[in-house]
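So the structure is just underneath, and the comments pick up after that.
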Number of protein chains: 2
Amino acid sequence: MTVGKALHDDVTDAISAAFFEELAATGYGRLSVDAVAKRAGVGKAAIYRRWPSKQRMAVELTSSVAVSAIDAPDTGSLRGDVRQFLANARAALSHPLALAIIPDLLAEARRNVELAEALLSSVRDPRRASSGDMVARAIERGELPADTDVELCLDFLAGPLYWRLTAINSEPAPDYLDRLTDKIVAAFRA
Amino acid sequence: MTVGKALHDDVTDAISAAFFEELAATGYGRLSVDAVAKRAGVGKAAIYRRWPSKQRMAVELTSSVAVSAIDAPDTGSLRGDVRQFLANARAALSHPLALAIIPDLLAEARRNVELAEALLSSVRDPRRASSGDMVARAIERGELPADTDVELCLDFLAGPLYWRLTAINSEPAPDYLDRLTDKIVAAFRA
DNA sequence: ACGGAACGGAACGGTTGCGTCTCGTCAGGG
DNA sequence: CCCTGACGAGACGCAACCGTTCCGTTCCGT
């Protein structure tokens with residue numbers, strides 16, 4: 001027994017796409033439901049038929065898309081895994097939308113508890129877990145000492161690249177990821 | 001020949017303090033002039049007597065405060081300099097205001113050209129230069145090879161700590177900075 | 001073919017914000 | 001001691017936005 005007729009998937013998809021485009025263009029703080037609806041070619045009612053508020057729409061759309069972005073390279077060597085992880089991260093951050101949206105979400109999460117919890121559980125924890133497995137495999141292979149501080153290593157995996165791409169904002173050299181890999185592996189072993 | 005009577009410094013200071021508190025609490029996107037004025041115990045006219053618009057107020061206040069936050073430790077050894085740099089950065093980011101404001105400004109800068117240029121010239125460039133000197137001194141002392149990639153090293157100096165404090169959002173262990181220093185120095189030498 | 005529900009569009013009331021303006025007050029330099 | 005101008009407070013016009021409600025239309029299951 002369905003309660004009502006089904007919402008149209010294509011409309012939901014259009015809203016989702018428009019939401020992220022609008023989020024990238026104007027930021028979480030200034031995001032307006034009218035703008036999302038207009039960009040999606042949709043009536044506002046279609047949005048409020050799906051979510052009870054702007055906040056819930058933002059949180060649910062954000063975490064629903066984020067879960068698909070989990071990568072756990074397993075190339076057989078630490079260096080290969082690190083290099084692949086960086087390539088994946090670089091590719092993900094090459095989407096202009098992602099590069100504009102992610103820092104915005106991290107900033108907003110610091111004052112929006114609901115958003116913060118959604119991001120932590122749907123993005124940080126899974127990613128951190130799979131990255132941790134990556135380091136654990138290196139330890140099992142004997143590439144890293146058994147007492148390696150995994151948590152600390154993970155900060156090196158994402159930190160420098162994220163810092164370069166979002167804060168420094170200058171295009172890295174072509175061989176940047178290779179050089180970065182060398183230094184990250186060296187840091188892991190320290 | 002003064003054009004008019006002087007603006008009161010204590011009022012300007014109150015506006016500045018209120019601006020940053022409001023910025024931390026609500027974010028750049030939602031920041032309102034009314035809220036800043038009310039928090040400062042000031043009429044809106046006092047603000048518009050000083051800056052022609054909200055945007056200019058934000059840019060000028062931000063860059064004026066930022067210039068004072070430049071540190072270039074020179075302890076005589078690479079490890080000492082790195083450790084001191086991290087301690088300074090950690091202290092700066094321990095201000096709850098800073099931890100809420102900085103990610104917000106970085107996110108906003110990505111879509112606000114005027115703010116971006118102000119941050120790049122008043123924060124990134126001076127900090128990057130003094131940090132570069134730090135690495136250059138290590139090269140002169142022979143602690144690092146002459147062909148060290150300074151730019152890449154700087155990404156390691158700030159990236160992991162910033163990532164940990166802003167994105168991962170879990171309190172680091174007491175000896176975190178020491179362990180971090182070891183790995184950063186190892187990365188520098190790679 | 002029918003009917004119900006979702007659809008795009010638009011208007012609504014209530015709220016908020018920007019930037020301007022006007023009050024009456026207060027301070028400080030000549 | 002007086003006069004100029006900054007001051008706090010707040011009203012103003014205008015625009016934007018949220019969330020709701022109403023249209024007339026279109027789609028889809030039965």
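Letters go in sequence order (proteins before strands), and every chain restarts at 1.
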Take the protein atom [atom1] of [X] and the nucleotide atom [atom2] of [N], then report the distance between them rounded to whole Å.
| X | N | atom1 | atom2 | value |
| --- | --- | --- | --- | --- |
| A:Phe19 | D:dC18 | CZ | P | 12 Å |
| A:Asp10 | C:dA6 | CG | C1' | 11 Å |
| B:Lys44 | C:dC23 | NZ | C1' | 16 Å |
| B:Tyr48 | C:dT20 | OH | C1' | 9 Å |
| B:Lys54 | C:dG19 | NZ | P | 8 Å |
| B:Arg49 | D:dT4 | CZ | C1' | 13 Å |
| B:His8 | C:dG28 | NE2 | P | 7 Å |
| B:Asp34 | C:dG19 | CG | P | 10 Å |

Tell me whether the OP1 or OP2 atom of C:dC7 has a side-chain N or O from A:Arg50 closer than 4.0 Å.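 Answer is yes, contact under 4.0 Å.
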
If you compare every side-chain N and O of A:Arg56 against the phosphate oxygens of D:dG19 (OP1, OP2), does one of them come in below 4.0 Å?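 So the side-chain polar atoms of A:Arg56 never come under 4.0 Å of the phosphate oxygens OP1 or OP2 of D:dG19.
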
Provide the Watson-Crick or G-U wobble partner of D:dC28, both distances under 3.5 Å; none if there is no partner.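 C:dG3 is the nucleotide pairing with D:dC28.
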
With a non-hydrogen cut-off below 4.0 angstrom, is A:Ala37 in contact with a base, only sugar-phosphate, or nothing?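 Contact class for A:Ala37: none.
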
Applying a 4.0 Å non-hydrogen cut-off, can you work out what A:Leu31 is touching in the nucleic acid: base, sugar-phosphate, or nothing?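 If one applies the 4.0 Å heavy-atom cut-off, A:Leu31 turns out to touch the sugar-phosphate alone, with no base involved.
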
Check: A:Arg110 side chain, B:Thr166 main-chain N or O, donor-acceptor pair, under 3.5 Å: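 Yes: the side chain of A:Arg110 pairs with the backbone of B:Thr166.
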
Before you tell me yes or no, could you show the steps for B:Arg137 and B:Asp81 under salt bridge (charged side-chain N to carboxylate O under 4.0 Å, His left out), namely the whole-Å CA-CA distance, both residues' side-chain angles and the distance that decides it to 0.1 Å? CA-CA 10 Å; B:Arg137 286 195 301 274; B:Asp81 282 359; 3.5 Å; yes

5'-most contact on DNA chain C: A:Val42 or B:Ser53, nearest heavy atom basis?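 The residue mapped nearer the 5' terminus is A:Val42.
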
